[in-house]
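These notes concern the structure reproduced below.
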Amino acid sequence: VSLPFTFSFSNAGNSYSQPFNMTALHPTYKNWKTHLGITSMNFSQYTYSGLNFAGAGVEYSPEKWKFKAFGGRLKKAIEFDPTANNTNFISYKRMGFGFSTAYKAKNWGTELIIFKAYDDATSLQYAHKNPQLTVRDNVVVSLISEARLFKVLQLKAEIASSLLTRDVLLTDDSFKTPFYSGLVRGNQTTEFSNAYNASIDYRKKAFGIGVKYERIDPEYSTLGAIYFNNDLENITLNPTVSLFKSKLNLALSAGYQRNNIENTNASDNKRWIGSANLSAQIIEGLSFNASYSNMSSFTKRNPQADPFFTQFGDTLNYYQVSQNISSSLAYSFGDSLRQSMNLTGSFAQSQNITGRLDDAGAFGLNVDQDTSSVPVDVYNAMFGHRLQFKSGLSLGWTFNANHSIALGNTNSYIGPGLNIGKTLLDKKMRLSVATTYNRQFQNASLSNHVLNFRTSLR
């Protein structure tokens, strides 16, 4: 039983909430699990994933099989209210149901998913004036497969097909009924699109590498998600190395994403993402971690050809680069009195570049120096020391510093912190008290004193 009461007290006022607007029951018995009320389930990212429904769902997992099914209302009907002028919030009642059956053997598995959703055209009593609100009908079928070969190779793939009618009420006598008329109420607004991904992972002893490819058609959509990205292509590469009996681990990741797959949009977007993570167990109790990430995004406008007007579209091209470096050193020791010390530091930089950029390479490379802008730099460091007694009492102190540079201005925070904790009622409850004090400097001049105090009992 979960009761989400929330109470807040501060010098700005008090607040209390008891959001009992969603109630769900999840009874389980052996291999059965049920969902009743306003709840959600998850099938796959391309079909139905996490969208709340008011109804019932069931999961049954006998040995190597797994079955899932649900049915209920996905959206409430909301009428037009002239006093609230809620034109953008009007909606038809939407019903939906789904079924999934999966089989998992020792070295292979497969899953079939079918999802159906449709709007009730009669659920609104009054006519509305929202041109974007239409009666929709959708069916999605997905097949997921995986296999393990030679104990070192893992293969996974999913392909999903969606039939979406964007306006059921629109009719055309010249439109011929297609083969899928039994699955979805089709007309000239019906669109057929696909989404799929595949991955290969190789892992043997100290070395591993993974490759994943994903493509989503420009018009792909499902009524089983709150929001869905389409018209994109992703490629990722993930090598890993583990040495000295896993005491030294290195993980790398690189990815490339692009949109406008069919070259029909007015703009292109490319994105490169790379990261590296190093972890090491130097001696017993002493560990070191370091990571680096870099993300760059390039947006290029594609001006349409016009014989009477020359468009300077390249001046609207936009390039964004951000990178982050962080590291931490942790040491713990002691028996009757357990102590731990932690030192962390990070550096983050972001930069926006606009101008006549014909193209830009990955991770900030191949950018004309004439278009460079002033970056934003943020530095952060923290040291902490904690004492843990067997009685349940813990004492700790910290010291932190933050320094940022933006547009020629500097902003700094620096100060100590103290925290105390104690377990109560035979470790069933814990009381914590903490305070921090920071001095704020703007352009090297003291501007503020910030004192924070907090306590918790849980």
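Only heavy atoms go into these numbers, but all of them, side chains included; no hydrogens, no water, no symmetry mates. Values in this document were obtained by computation on a predicted structure and should not be read as measured data.
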Exercise: identify the closest heavy-atom pair between [X] and [Y]:
| X | Y | answer |
| --- | --- | --- |
| N380 | A401 | OD1-O, 3.2 Å |
| L74 | A117 | CD1-CB, 4.0 Å |
| K68 | N42 | NZ-O, 2.6 Å |
| M382 | G384 | SD-N, 3.7 Å |
| A225 | L51 | N-CD2, 4.1 Å |
| I261 | I216 | CD1-O, 3.5 Å |

How long is the span from the NZ atom in K33 to the OG atom in S61, to the nearest 0.5 Å?
->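 It is 9.5 Å, given to the nearest 0.5 Å.
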Just by distance, no angles: are the side chains of [X] and [Y] close enough, under 3.5 Å, to form a donor-acceptor pair?
| X | Y | result |
| --- | --- | --- |
| S275 | S293 | no |
| Q257 | E233 | no |
| D268 | N260 | yes |
| R454 | N452 | yes |
| T87 | N130 | no |
| N294 | Y292 | yes |
| T189 | D167 | no |
| Q442 | T410 | no |
| E111 | T101 | no |
| S162 | N138 | yes |
| N277 | S291 | no |
| E79 | H128 | no |

Could you go step by step and tell me if Y92 and I90 meet the side-chain contact (heavy atoms from CB on, under 4.5 Å) rule?
-> CA-CA 7 Å; Y92 292 99; I90 305 171; over 6 Å; no
Apply the test side chain to side chain donor-acceptor pair (under 3.5 Å) to residues N411 and S404: give CA-CA distance (whole Å), side-chain angles for both, the deciding distance (0.1 Å), then the verdict.
-> CA-CA 5 Å; N411 191 11; S404 62; 4.7 Å; no
Counting C-beta onward and ignoring hydrogens, is there a side-chain heavy-atom pair between [X] and [Y] closer than 4.5 Å?
| X | Y | result |
| --- | --- | --- |
| Y48 | F70 | yes |
| I113 | F99 | no |
| N402 | Y379 | no |
| N234 | Y256 | no |
| L278 | L248 | yes |
| M95 | K116 | no |
| Y220 | F228 | yes |
| T240 | L250 | no |

Counting N and O atoms only, with roles assigned by atom type, does the side chain of [X] sit under 3.5 Å from a partner on the main chain of [Y], one being a donor and the other an acceptor?
| X | Y | result |
| --- | --- | --- |
| D137 | V184 | no |
| N85 | P82 | no |
| N259 | N269 | yes |
| T222 | G224 | yes |
| N230 | P218 | yes |

Audit row: E158, S44, side chain to side chain donor-acceptor pair (under 3.5 Å) steps and yes/no = CA-CA 9 Å; E158 178 181 4; S44 79; 3.0 Å; yes
Can you list the steps and then say if T344 with S328 is a side chain to side chain donor-acceptor pair (under 3.5 Å)?
-> CA-CA 4 Å; T344 63; S328 66; over 6 Å; no
Are R166 and E219 close enough, and set up right, to give a salt bridge (Lys or Arg N to Asp or Glu O under 4.0 Å), and what steps lead you there?
-> CA-CA 11 Å; R166 297 188 178 275; E219 300 299 330; 3.7 Å; yes
Side-chain donor-acceptor pairs under 3.5 Å in residues 196-203, sequence neighbours left out?
unit_1	atom_1	unit_2	atom_2	d
N197	ND2	Y46	OH	3.0
R203	NH1	I209	O	3.2

Does the gap between the ring centers of Y103 and W108 come in under 6.0 Å?
->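 Yes, they do, as the ring centres are separated by less than 6.0 Å.
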Do D119 and R94 pass the salt bridge (Lys or Arg N to Asp or Glu O under 4.0 Å) test, and can you show the C-alpha distance, the side-chain angles, and the key distance before you say yes or no?
-> CA-CA 4 Å; D119 292 340; R94 178 172 295 169; 2.6 Å; yes
Report, as yes or no, whether the 6.0 Å neighbourhood of atom CZ on F89 holds more than 12 heavy atoms from other residues, nucleotides or ligands.
->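 Open.
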Does atom NZ of K75 have more than 12 heavy-atom neighbours from other groups under 6.0 Å away?
->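 Result for NZ/K75: open.
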